[in-house]
2 protein chains.
Amino acid sequence: MRPVHARGEETRQSILEAAESIFADIGYGAARLDQVAQAVGIRRPSILYYFASKQDLYDAVEADIFASMHAFAQERIQGVTDPLDRLLALLDAWLDFNVARPSAARIIQRLVADAATPRRNNPTEFSFSALEDIEAVFADGVRAGAFRPLSPMLFLNGVAGSVLFYVCNSGQLGDTRRYDPADPAELARFRALLHLLARTAVRPG
Amino acid sequence: MRPVHARGEETRQSILEAAESIFADIGYGAARLDQVAQAVGIRRPSILYYFASKQDLYDAVEADIFASMHAFAQERIQGVTDPLDRLLALLDAWLDFNVARPSAARIIQRLVADAATPRRNNPTEFSFSALEDIEAVFADGVRAGAFRPLSPMLFLNGVAGSVLFYVCNSGQLGDTRRYDPADPAELARFRALLHLLARTAVRPG
DNA sequence: ATTATCTATAGATCTATAGATAATGC
DNA sequence: ATTATCTATAGATCTATAGATAATGC
């Protein structure tokens, strides 16, 4: 159900935001539509006026996350021609996106954990844009001879995934190790490590 | 409830194994005790004869995972004196443990995603041994001047977390990118990258 | 007139308990 | 005698639907 009036559009957006936060925090199975409704300040059935089912709502959240991340990344890498710079720009885009939207990071982190996606038949239905983005940057780099012929998915697992850990782990390591992933100094330290690892991973020879 | 007879101990162990697999695949909130019972071949209430509650069962699963991983890692690093070798031995232990027990990898992956652990008050109640293991190896390396003074948790997020991605992501990237994390050639490629990244991350200067 | 939201409820869960029955080992 | 497992069920959910009511814009 696509809202027609501005008020309806606002409600729909509020539902999406609340749902993203709750799905991120406790996962799809544990999330309750009542929690979402309460966070928005409406009654539960009103959610189903905009989204046909709980699964539908989740899909809308995941679709929005990957569409937003893709758009954000495209803007960051457009015009960057040097292959290594392009790769670092893509990693920086993913890092900045997830630091600014930690609920997205948690949802992607859960997506990786889900085995055989019990909820949907196609695990890359929404994440394909991110996979294609990094594959394209990699293909360029290898073709130009700037990168060694490393599998993009090996790089994804070995280097890019750390962005999600950096964001998600901030409060999971105990009180003495807690950090703020958005703190500029902290973020700069992680970014420096991320760049160092990325350069090392792709360096030819 | 601790079983007394051998048959009871077998049942308890079967419940733990089935529960680990199901919690790993779909998460705590979505998991149903009925699924666990069905996988074991018993009735649902029999589970609660051994574990006081669903939460209790989950805690037993998580505790066993981290205790096993800790024991496995300790055996691998004992006797290794060179700091870098110790660090690589710890990473290899984690890698081999999670490749052999992918359900453990998925559960840890979910643990990282859980915000503020809605299920328990202390997020490191069971994972502390892993955190202490890597901190100890790091402290040795820095003291010996073999490592630059990098935060162990930065290393954990930047390098060690990739082990979970490697294991969990194998079936999440679409049919054309699927791989078997236990395949020797595939595993060797990832291990080589993991070692390269670890060396680079800690190298002084 | 149409869109948005609500109340009430059907129908299907799910965890946990109570208490009976079956299996086991002394 | 004790341990292990089962049946039956209480009590509390949860999603989704039906249909009434309130709010909005033409």
Side-chain angles (χ1 to χ4, degrees), chain A residues 1-62 107 110 114 117-121, chain B residues 1-62 107 110 114 117-121:
Chain A
M1 171 63 73
R2 269 281 158 190
V4 173
H5 301 154
R7 179 159 162 242
E9 187 52 56
E10 262 176 52
T11 303
R12 188 177 184 279
Q13 200 55 40
S14 298
I15 293 171
L16 273 176
E17 284 165 23
E20 176 171 318
S21 170
I22 291 165
F23 286 139
D25 283 358
I26 63 176
Y28 176 83
R32 300 295 165 226
L33 290 180
D34 235 359
Q35 288 179 269
V36 178
Q38 205 154 8
V40 176
I42 58 177
R43 298 294 182 162
R44 193 178 348 123
S46 299
I47 294 173
L48 299 167
Y49 174 72
Y50 293 100
F51 303 94
S53 68
K54 184 185 176 185
Q55 177 68 54
D56 227 59
L57 173 58
Y58 174 82
D59 284 357
V61 167
E62 196 183 313
I107 282 177
R110 285 185 196 284
D114 285 336
T117 36
R119 309 196 296 275
R120 230 180 313 100
N121 35 10
Chain B
M1 170 64 73
R2 269 281 159 189
V4 174
H5 300 153
R7 178 159 162 241
E9 186 52 56
E10 263 175 53
T11 303
R12 188 178 185 277
Q13 200 55 38
S14 298
I15 293 171
L16 274 176
E17 283 164 25
E20 177 171 315
S21 171
I22 290 166
F23 286 141
D25 283 357
I26 62 176
Y28 177 83
R32 301 295 166 227
L33 290 180
D34 236 359
Q35 289 179 269
V36 177
Q38 205 155 8
V40 177
I42 56 175
R43 299 293 182 163
R44 195 180 343 127
S46 299
I47 294 174
L48 299 166
Y49 173 73
Y50 294 100
F51 303 93
S53 68
K54 184 184 177 186
Q55 177 68 55
D56 227 59
L57 174 56
Y58 175 82
D59 284 358
V61 167
E62 195 183 314
I107 283 178
R110 286 185 196 283
D114 286 336
T117 36
R119 308 196 296 275
R120 230 180 312 100
N121 35 11

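Labels below follow one simple rule: chain letters A, B, ... track the order of the sequence lines, proteins then strands, and each chain is numbered from 1.
The residue A:Ala31 sits close only to the backbone: its heavy atoms come under 4.0 Å of sugar-phosphate atoms, none of a base. B:Ile42 comes within 4.0 angstrom of the backbone, heavy atoms only, and of no base. Residue A:Leu33 is classed as a sugar-phosphate contact, given heavy-atom separations below 4.0 Å to backbone atoms only.
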For nucleotides 23-25 of chain D, print each protein N/O atom paired with a nucleotide N/O atom at under 3.5 Å, atom names and distance only.
{"from": "D:dA23", "atom 1": "O3'", "to": "A:Arg7", "atom 2": "NH1", "distance (Å)": "3.2"}

Between the protein and nucleotides 18-21 of chain C, which nitrogen or oxygen pairs are less than 3.5 angstrom apart?
none

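Scanning for salt bridge (charged side-chain N to carboxylate O under 4.0 Å, His left out) contacts around A:Asp56 gives an empty result, with sequence neighbours left out.
In this structure, A:Thr11 does not reach the C:dA4 phosphate: none of its side-chain N or O atoms is under 4.0 Å from OP1 or OP2. For D:dT5, neither phosphate oxygen OP1 nor OP2 lies less than 4.0 angstrom from any side-chain nitrogen or oxygen of B:Tyr49. Taking only side-chain nitrogens and oxygens, B:Ser46 comes nearer than 4.0 Å to OP1 or OP2 of D:dC6.
Separation of atoms CG (B:Asp25) and CD (B:Glu20) is listed at 10.5 Å; rounding is to 0.5 Å. Atom CD in A:Gln35 sits 9.5 Å away from atom CZ in A:Phe23 (nearest 0.5 Å). With rounding to the nearest 0.5 angstrom, the CD atom of B:Glu9 is 8.5 Å from the OH atom of B:Tyr50.
Both distances falling under 3.5 Å, in either a Watson-Crick or a G-U wobble arrangement, place C:dA10 opposite D:dT15. The partner of D:dA23 is C:dT2, by the rule that a Watson-Crick or G-U pair needs both atom distances under 3.5 Å.
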Query raised in the report: Run the side chain to side chain contact (heavy atoms under 4.5 Å, CB included) check on B:Val40 and B:Ile47 step by step: do they pass?
Result: CA-CA 10 Å; B:Val40 177; B:Ile47 294 174; over 6 Å; no

Requested in this report: Carefully, step by step, assess B:Arg43 and B:Tyr49 under the rule side chain to side chain contact (heavy atoms under 4.5 Å, CB included).
Outcome: CA-CA 11 Å; B:Arg43 299 293 182 163; B:Tyr49 173 73; over 6 Å; no

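Separating the CG atom of B:Asp56 from the P atom of C:dT17 is a distance of 11 Å, rounded to the nearest angstrom. Spacing between atom CG of A:Asp34 and atom C1' of C:dT7 amounts to 14 Å, rounded to whole angstrom units. Regarding B:Gln13, its CD atom lies at a distance of 17 Å from the C1' atom of D:dA4, rounded to whole Å. One can place CZ of B:Arg32 at 10 Å from C1' of D:dT13, the figure rounded to the nearest angstrom. In this structure, B:Gln38 places its CD atom 17 Å from P of D:dT5, rounding to the nearest Å. The interatomic distance linking A:Leu48 (CG) with C:dT5 (C1') rounds to 12 Å, in whole Å. Taking atom CD1 of A:Ile47 as the reference point, atom P of D:dC14 lies 12 Å away to the nearest angstrom. Whole-Å rounding puts the A:Glu9 CD to C:dT3 P distance at 14 Å.
When the nearest nucleotides of DNA chain D are assigned to B:Arg43 and A:Ser53 by heavy-atom distance, the more 5′-ward of the two goes with B:Arg43.
Between B:Ile107 and B:Tyr58 the shortest side-chain heavy-atom distance falls below 4.5 Å. Looking only at side-chain heavy atoms (C-beta outward), B:Asp114 and A:Arg110 come within less than 4.5 Å of each other.
B:Thr11 places a side-chain N or O within 3.5 Å of a backbone atom of B:Arg7 that can act as its donor or acceptor partner.
Side-chain polar atoms of A:Gln55 and A:Asp59 form a donor-acceptor pair below 3.5 angstrom.
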